[in-house]
Amino acid sequence: MHDNYYDIIIVGGGPIGLACALEASLNNKTYLILEKGCLVNSLYNYPQNMTFFSSSDRLEIGDIPFVTTLPKPKRAEALEYYRRIQQKFKLNTRLFEEVTEIRKDHHLFKINTIKNTYSSKNVIIATGFYDIPTLLNIPGEELEKVKHYYQDPHYYANQKVIVVGASNSSIDAALETYRKGADVTLVIRGKEISPRVKYWVKPDIENRIASGEIRVLYNSKLKEITDSHAHVHTPTGDIILENDFVLALTGYQPNFNFLKKIGIYIPSESPCLPEHDPDSMETNIDGLYLAGVVCGGLNTHLWFIENSRIHAKQILADIKKKEMRE
């Protein structure tokens with residue numbers, strides 16, 4: 001085999017990609033992680049003050065303790081934890097190296113990136129779902145004032161901010177920007193705050209709404225965004241709100257185009273679950289596996305770090321079982 005051959009190529013350097021690398025190393029397999037951004041890129045792009053819903057022990061990988069003094073760890077602690085794991089085990093990782101093509105040639109996969117070409121008998125796709133925002137598909141969405149990712153509330157101090165959505169990311173953004181002095185209006189398509197909102201946050205947003213500190217428009221949706229205003233359809237008629245920023249935090253989805261391009265079958269009907277065996281995690285292509293939240297398609301609340309860590313063991317078990325049959 002040439003120098004760029006590995007037993008396993010792992011696409012995605014998030015927590016589950018790292019878990020797959022640890023499991024590969026444990027089973028004496030050569031491997032390479034290819035990540036288009038920084039280490040645990042999706043977590044890096046989370047809001048700076050984000051608190052995880054899960055306790056730290058449920059975010060652990062490779063049986064390595066995640067120690068924190070807080071009931072729920074924060075983004076910065078998670079970045080430190082996963083970075084320490086990468087450093088401690090010297091995981092073979094190529095960062096800022098995006099995969100552009102994966103094709104199977106006889107019994108080997110050829111993996112092209114923006115920097116190099118590799119080959120492998122097995123490929124694990126662990127790319128998550130945070131790369132592509134779910135768009136509103138309305139006029140004005142392309143304006144600079146419209147943000148689909150939110151990081152730091154200070155940026156919105158003393159501004160009129162519309163936050164679209166009813167789940168954790170939207171509610172966190174509404175509360176944090178309000179506390180930095182923003183004039184906040186929540187626009188929610190349904191009739192209530194999502195029941196998935198973190199249990200310690202839900203009373204807070206409900207109290208802010210009840211007191212009038214944060215305005216909310218239920219059963220409503222944006223129709224158009226302009227440089228200085230937003231047009232909103234409400235149950236009592238259309239209204240126009242003066243505003244400076246729109247945080248359209250309406251969810252994210254896997255890179256379906258990439259998955260289809262490399263040959264994974266994805267049904268056109270929602271939730272567009274990529275085809276895979278739930279026991280082995282192997283897709284419709286022999287030797288090509290899925291791991292982590294990417295398995296859920298549009299069901300982005302189906303898989304999390306804590307319940308998809310097991311995918312690494314399932315995949316390596318299947319690879320070993322195949323080798324025993326050869």
Side-chain angles (χ1 to χ4, degrees), residues 42 45-53 74-75 129-253 298 300-301:
S42 292
N45 286 311
Y46 282 178
Q48 292 184 9
N49 300 322
M50 194 205 81
T51 299
F52 282 85
F53 189 89
K74 291 185 173 292
R75 165 188 171 274
F129 66 84
Y130 202 57
D131 286 340
I132 300 176
T134 301
L135 300 179
L136 299 172
N137 292 315
I138 61 173
E141 189 170 12
E142 75 286 352
L143 293 172
E144 181 64 26
K145 65 184 277 187
V146 181
K147 311 293 183 182
H148 292 286
Y149 293 91
Y150 161 78
Q151 289 189 316
D152 180 34
H154 172 81
Y155 188 77
Y156 304 98
N158 304 319
Q159 301 295 289
K160 292 181 174 64
V161 178
I162 291 176
V163 180
V164 184
S167 294
N168 279 299
S169 56
S170 303
I171 301 308
D172 284 346
L175 287 168
E176 290 183 8
T177 54
Y178 154 73
R179 291 200 162 97
K180 296 302 180 184
D183 179 354
V184 178
T185 299
L186 267 171
V187 176
I188 296 175
R189 179 170 300 194
K191 62 180 181 180
E192 61 184 359
I193 301 296
S194 171
R196 294 194 183 99
V197 169
K198 289 171 279 196
Y199 64 84
W200 64 92
V201 172
K202 201 164 187 290
D204 190 1
I205 187 64
E206 290 172 341
N207 287 332
R208 302 290 73 71
I209 291 171
S211 66
E213 294 167 297
I214 291 178
R215 182 183 185 185
V216 63
L217 299 173
Y218 292 114
N219 298 307
S220 302
K221 60 181 180 179
L222 290 187
K223 292 179 60 180
E224 182 181 359
I225 303 166
T226 69
D227 287 330
S228 57
H229 293 81
H231 297 248
V232 186
H233 178 72
T234 77
T236 57
D238 292 355
I239 62 174
I240 299 176
L241 297 178
E242 182 181 354
N243 92 296
D244 301 298
F245 290 99
V246 174
L247 297 179
L249 306 179
T250 50
Y252 307 92
Q253 58 187 274
L298 292 175
T300 54
H301 298 287

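Counting begins at 1 with the first residue of the sequence.
With hydrogens and angles disregarded, no donor-acceptor distance shorter than 3.5 Å links the side chain of K223 to the backbone of A230.
Taking the side chain as every heavy atom from C-beta outward, I171 and V163 never approach each other to under 4.5 Å. The closest side-chain heavy-atom distance from V161 to D244 is not below 4.5 Å. Side chains of L135 and E141 form a contact here, defined as non-hydrogen atoms less than 4.5 Å apart. Put simply, the side chain of Y218 reaches to within 4.5 Å of the side chain of I193, judged on heavy atoms. Between L249 and V164, the closest side-chain pair of non-hydrogen atoms is not below 4.5 Å.
For F129 and Y252, the distance between ring centers is not under 6.0 angstrom.
Donor-acceptor pairing under 3.5 Å is recorded for the side chains of E213 and Y178. Under 3.5 Å, the side chains of Y150 and E176 contain a donor-acceptor pair of N or O atoms.
Residue pairs meeting the salt bridge (charged side-chain N to carboxylate O under 4.0 Å, His left out) criterion with at least one member in residues 147-174, sequence neighbours excluded, are E144-K147, D172-K198.
Ionic pairing of E206 and K202 is present here: one or more N-O contacts between side-chain nitrogen and carboxylate oxygen are shorter than 4.0 angstrom.
Here K221 pairs with nothing under the salt bridge (Lys or Arg N to Asp or Glu O under 4.0 Å) rule; sequence neighbours left out.
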